[in-house]
Amino acid sequence: MHDFRFVGNQLFCEGVSLASLAKKFGTPLYVYSQHTLTDHYQKLAAALAPVDHLVCYAMKSNSNLSVLRVLADLGSGFDIVSAGELQRVLAAGGDPAKCVFAGVGKTAAEIEFALRAGVYCFNVESEPELQRINRVAAKLKKIAPIAVRVNPNIEAHTHAKITTGTYENKFGIAFEDIAGVYARAAKLKNLRLRGVQMHIGSQITETTPFELAVKKVLPLVEKLKAKHGLEFFSVGGGLGIVYHSMLASGVPAWWQSAAAKNILTPASYAARLLPWLQPLGLKILMEPGRFISGNAGALVTRVEYVKRTGKKNFVIVDAAMNDLIRPAFYDAYHEIVPLIRNGKATLKSDVVGPICESGDYFCKDRPLPKVGEGDTLALLSAGAYGAVMGSNYNARPLPPEILVNGKKFAVARERQAVEKIWSDEKVVAWLK
Ligand code: LLP
């Protein structure tokens, strides 16, 4: 569930009207609900309560310092993929000892930084990486905790660009090779074999692929535990969220019928997985990103022009693919609603940004209430992989981010000053 809803004709995030935020801070603008972040984290933690567990929020989905602090205060760990992300955790007051370091391309410098910071574990994606971590740890006279990422070769039935658990992908080590890799890793003196990890993809909306992957990997995990005395099994992230009908009144139908349709909720996820995981007797780690941050955010934008050409009605807004790239990149659906309901009839529209690319659109031929210049719109479920994937394409400053908590709100990121975009550039000497 989430905390964006209409009160009368006005769209609110918790106790704050989005129109008032748009007026105060301008557009485009990201708005996050602290309550949704908290609620989603707590729902997952509660679902995993029967087992010893650690939720490591995949901060790649939204790494704003305030978002990280909300989660750190709840006791969350973090799934990090770069030294930069670890530095963000530290800057936000998170605990490095609850961080798992993932990614196929960790540099020696990043490994050294993470080892000095004392991360919980490195999720290792290749044998050369094991060798490198061992070398860096030896140099620092440290023992590096590691888990190998198993690629279970399970089809997750999600978008091709975000599926990771098959042999077509660059991720992890093939299921069949894992036992040999652990045997060789056990001989490396500066490694501690702490766990096993897997992750099959993102935006997976059914429990079945997770269950199939866990069932497949489980006997291997049991063997590795017996042989190498492991401490944890990480089932990765990837829990999908709802992008459609977010503002249906009352309890949305999808939520009511979720269990019946095998749709993923924390409870249905736990009900399907815990019977397999509990007997293992290992600590269970999870790396959810989108599930925690996705529905917690909206991108607010203003209509600049409405233009009809040929058969099309184009609503040209001041946000663009540089602010939210998901529709352009993954054909992703984000629900779009006016901040103030106007009761006007709907009209099939393309909502597009000002960037000079045909890919710069948020929806195509979607029935939307008729809007005009100056009206404001919200793109919902933009809390995950929204602001973090933003760029300065077309010399567009990054939008501000506002955190809402009840009736309170505060700037969690200032609107970028336009000069900052080129502040690291120079006109080279011979051109002066
Ligand atoms: N663990 C690993 C190893 C991952 O690669 C990922 C995401 C996660 C956890 C968190 O996945 P989540 O729970 O958020 O699904 N930009 C894309 C999604 C990329 C996901 C990359 N890996 C999008 O906007 O859909």
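For ligands, and for the atoms within them, numbers begin at 1 and follow the listed sequence.
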Quiz item: Is there a heavy atom of A384 sitting under 4.0 angstrom from any atom of ligand 1?
Solution: no
Quiz item: Quick one: which ligand 1 atoms are inside 4.0 Å of a heavy atom on K60?
Solution: 2 (C), 4 (C), 5 (O), 6 (C), 7 (C), 8 (C), 21 (C), 22 (N)
Practice problem: Check whether any N or O atom of F291, backbone or side chain, sits under 3.5 Å from an N or O atom of ligand 1, and answer yes or no. | Solution: no
Quiz item: Do Y385 and ligand 1 have an N or O pair less than 3.5 Å apart?
Solution: yes
Self-check item: Geometric class of the Y333/H244 ring pair [parallel <30°, tilted 30-60°, perpendicular >60°]
Solution: parallel
Exercise. Could you check which of Q203, M389, M286, R290 puts a non-hydrogen atom nearest to atom 25 (O) of ligand 1?
Key: R290
Quiz item: Going by the atom numbers of ligand 1, which of them fall below 4.0 Å from some non-hydrogen atom of G238?
Solution: 11 (O), 12 (P), 13 (O), 15 (O)
Practice problem: Please determine if K60 forms a cation-pi arrangement with Y385, meaning its NZ or CZ atom is less than 6.0 Å from the six-membered ring centre and no more than 45° off the ring axis. | Solution: no
Quiz item: Between L398, L65, I402, which is the residue that forms a side-chain contact (heavy atoms from CB on, under 4.5 Å) with R413?
Solution: L398
Exercise. Measure across G297 and Y32 and return the closest heavy-atom pair with its distance rounded to 0.1 Å.
Key: CA-CD2, 3.7 Å
Practice problem: Flag S61 as yes when one of its N or O atoms lies below 3.5 Å from any N or O atom of ligand 1, and as no otherwise. | Solution: no
Practice problem: Would you mind running through ligand 1 and noting each atom that sits below 4.0 Å from a heavy atom of G237? | Solution: 9 (C), 13 (O)
Quiz item: Which is it for I200 and L212 under the side-chain contact (heavy atoms from CB on, under 4.5 Å) test, yes or no, and what are the steps along the way?
Solution: CA-CA 10 Å; I200 56 173; L212 288 177; over 6 Å; no
Quiz item: Of M59, R149, H199, which has the heavy atom at the shortest distance from atom 2 (C) of ligand 1?
Solution: H199
Quiz item: By number and element, which atoms of ligand 1 are closer than 4.0 Å to a non-hydrogen atom of P288?
Solution: 13 (O)
Quiz item: Heavy atoms, side chains only, cut-off 4.5 Å: are Q34 and E14 in contact?
Solution: yes
Practice problem: For residues P96 and L86, report the shortest heavy-atom separation together with the two atoms involved. | Solution: CB-CD1, 4.3 Å
Self-check item: Numbered atoms and elements of ligand 1 in range of E287, under 4.0 angstrom, heavy atoms
Solution: 1 (N), 2 (C), 3 (C), 8 (C), 9 (C), 10 (C), 13 (O)
Self-check item: Any Y330 heavy atom less than 4.0 Å to ligand 1
Solution: yes
Exercise. State whether the side chain of E425 and the backbone N or O of W422 hold a donor-acceptor pair below 3.5 Å, judged by distance alone.
Key: no
Quiz prompt | Close-contact set for ligand 1 against G289 heavy atoms, below 4.0 Å | solution = 12 (P), 13 (O), 14 (O)
Quiz item: Does the ring of F175 carry K216 above it, NZ/CZ under 6.0 angstrom from centre and within 45° of its axis?
Solution: yes
